[in-house]
Amino acid sequence: MEIYQHFRKEEHHFIDQVLEWQETVKRQYAPKLTDFLDPREQQIVQSVIGRDEEVHFSFFGGASFTERKRALLYPPYFQPSEEDYEIALFEVRYPSKFVTIGHRQVLGALMSLGLRRGKFGDILMKDEQIQFLAANEVADYIRLHLHAIGKANVSVEKKPLTDIIKLEENWQDAMITVSSLRLDAILSQAFHTSRQKIQSCIENGLVKVNWKIVDQAHFECRQGDVLSARGFGRCKIIAMDGKTKKDRWRIRIGIQK
C-alpha cells in the first residue's frame, strides 16, 4: 500500500491498527475509542485517516495541553463531547513533607499494576502536587491496587477534569550544524555535550525518538522528530535548512525549557 512508504518500518504495525479502526467505524457505523496515543501516533492517525468523508477523528487527553491523547474515530452523524473520551483524572496523596516522588517513579508504579502504557495519559507534576490521567475503564482497578510509589505509601483520589494541573510547554528555537543526520550527532550539538556521552545514553536505553527508545547511535533523524535524552532534556527537529559550504547540515531545532 502506498501509504507505508512515508513511514519508518517499525511504524507499519501501528498503521495496520489504524486502518483496522477505520474499517470498524465504516462497518459498524459507530464510534471507536482508542487507548492513549503519543503525539507521533496521533500524527499517524491524521495521516492515515486523512480527509476520509466516512470517518472523522478527534483527540483529547484531559486538557488542551496534554501530550498523550485518546483518539475518537466516528461516522459523520456523531458529535463528540469530552465525556466520550472516557478519561479519569487522579490525584496522588502522599506524605510530601517526608518523601520526594519523581515522574519515573510514578510511571514505574503505574506500569507495575500490569496494565499497558496505553491505559495511561500524562503524568502531571507541579511543586508537590502529582496527578495522572487514565482510561475510565481501568479507574476502579487503579484505585484498588495502587498503594505505593517507590517507597512511599500513597492513595489516589479521582478528581473532575476541571481540577487538572495546568502546565505550559515552552520551546526555545536554536540553529545547529551537524556532519550527518545521525541521532548521536544531533543530540550532542543540541545539548552541547560530547558524542561519547550521548552514545553512552543511547546504548543504555536512555534516548527516545518520537517517544520510542532507540538504541542505535547511527539512527537517521528526520524533520518533525522529537528527541529526548534522560538527564539532558528534549528537543524537536523543526526544519532542515539545507547544507553549508562545508557540507554540514543546517538544522533548526526547538529545545524544551
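- Residue I198 comes nearest to D184 through the heavy atom pair CG2-CA, 3.8 Å, listed as atom of the first residue, atom of the second, then distance.
- Taking each heavy atom of C221 and I237 in turn, the nearest pair found is CB-CD1, 3.6 Å.
- Contact check for R40 versus F7: side-chain heavy atoms found under the 4.5 Å cut-off.
- Looking at every heavy atom in both residues, D35 comes nearest to K119 through OD1-NZ, 2.9 Å.
- Rounded to the nearest 0.5 angstrom, L133 CG and R68 CZ are separated by 10.5 Å.
- Within the structure, ring-ring contact (aromatic ring centres under 6.0 Å, His included) contacts touching residues 139-165 (residues at least two apart or in different chains) are Y141-H145.
- By the 4.0 Å N-to-carboxylate-O rule, R222 lies too far from E220 to be salt-bridged with it.
- Within the 4.5 Å cutoff, the side chain of Y4 has heavy atoms near those of the D16 side chain.
- Without hydrogens or angle criteria, D127 side chain to Q129 main chain gives no donor-acceptor distance under 3.5 Å.
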Residue pair L181, I251: steps toward the side chain to side chain contact (heavy atoms under 4.5 Å, CB included) verdict: CA-CA 9 Å; L181 300 179; I251 299 176; 3.8 Å; yes
Verdict with supporting geometry, L110 and L115, side chain to side chain contact (heavy atoms under 4.5 Å, CB included): CA-CA 8 Å; L110 295 177; L115 299 168; over 6 Å; no
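- With hydrogens and angles disregarded, a donor-acceptor distance shorter than 3.5 Å links the side chain of T34 to the backbone of A71.
- The distance from the OH atom of Y94 to the CD1 atom of I101 is 5.5 Å, given to the nearest 0.5 Å.
- Following chains of ILVMFWY side-chain contacts shorter than 4.5 Å, one cannot reach M111 starting from L144, and the two form parts of different hydrophobic clusters.
- Going from atom CD1 of I123 over to atom CZ of R104 covers 12.0 Å, rounded to the nearest 0.5 Å.
- I44 is listed as a side-chain neighbour of I15, based on a closest heavy-atom distance under 4.5 Å.
- Side chain of D163 to main chain of P160: no donor-acceptor pair is present (N/O by atom type, distance under 3.5 Å, no hydrogens or angles).
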Worked verdict on K69 versus E41 for salt bridge (Lys or Arg N to Asp or Glu O under 4.0 Å): CA-CA 10 Å; K69 303 177 192 288; E41 290 169 332; over 6 Å; no
Working for salt bridge (Lys or Arg N to Asp or Glu O under 4.0 Å), residues K208 and D38: CA-CA 12 Å; K208 293 182 180 180; D38 64 41; over 6 Å; no
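- Linking ILVMFWY side-chain heavy atoms closer than 4.5 Å, directly or via other members, places V226 and F219 in two distinct hydrophobic clusters.
- Heavy atoms from other residues, nucleotides or ligands lying under 6.0 Å from CZ of R93 number more than 12.
- Annotation for A239 and D241: closest pair CB-OD1, 3.7 Å, computed over non-hydrogen atoms.
- Without hydrogens or angle criteria, E67 side chain to P39 main chain gives no donor-acceptor distance under 3.5 Å.
- The aromatic rings of Y29 and Y77 are tilted relative to each other, their planes meeting at an angle between 30° and 60°.
- Looking at heavy atoms from C-beta onward, I142 lies in side-chain contact with F120 at the 4.5 angstrom threshold.
- Both I149 and V99 belong to a common hydrophobic cluster when Ile, Leu, Val, Met, Phe, Trp and Tyr are linked at side-chain heavy-atom distances under 4.5 angstrom.
- Partner of F132 under the side chain to side chain contact (heavy atoms under 4.5 Å, CB included) criterion, chosen from L89, L107, V92: V92.
- Residues R234 and W171 meet the side-chain proximity criterion, which asks for heavy atoms closer than 4.5 Å.
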Side chain to side chain contact (heavy atoms under 4.5 Å, CB included) assessment of D122 paired with F65: CA-CA 10 Å; D122 284 14; F65 58 81; 5.6 Å; no
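- Annotation for Q22 and V55: closest pair O-CG2, 3.8 Å, computed over non-hydrogen atoms.
- Rounding to the nearest 0.5 angstrom, the gap separating the CD1 atom in I3 from the CG atom in L19 is 6.5 Å.
- The residue from F36, F59, Y74, F60 that alone fulfils the ring pair (Phe, Tyr, Trp, His ring centres under 6.0 Å) condition with Y85 is F60.
- Transitive grouping of hydrophobic side chains (ILVMFWY, heavy atoms separated by less than 4.5 Å) brings I253 and F191 into a common cluster.
- At distances below 3.5 Å, at least one donor-acceptor pair connects side-chain atoms of E11 with backbone N or O atoms of R8.
- Side-chain atoms of N136 and K158, non-hydrogen and from C-beta on, do get closer than 4.5 Å to each other.
- Criterion: ILVMFWY side-chain heavy atoms under 4.5 Å apart, direct or through other members. Under it, L183 and F232 are part of a common hydrophobic cluster.
- The existence of a salt bridge linking R70 and E137 is confirmed by a sub-4.0 Å separation between a basic side-chain nitrogen and an acidic carboxylate oxygen.
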Audit row: V18, F14, side chain to side chain contact (heavy atoms under 4.5 Å, CB included) steps and yes/no: CA-CA 6 Å; V18 177; F14 183 70; 3.6 Å; yes
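- Interatomic distance, CZ of R248 versus CD of Q189, reported as 6.0 Å (0.5 Å rounding).
- S200 contributes no side-chain N or O that, together with a main-chain N or O of Q196, makes up a donor-acceptor pair within less than 3.5 Å.
- Taking CG of L146 as the start and CG of L113 as the end, the distance is 5.5 Å to the nearest 0.5 Å.
- With respect to the salt-bridge test (charged N to carboxylate O, under 4.0 angstrom), the residues K32 and E23 do not qualify.
- Residues A63 and I164 approach most closely at CB-CD1, 3.9 Å, considering heavy atoms.
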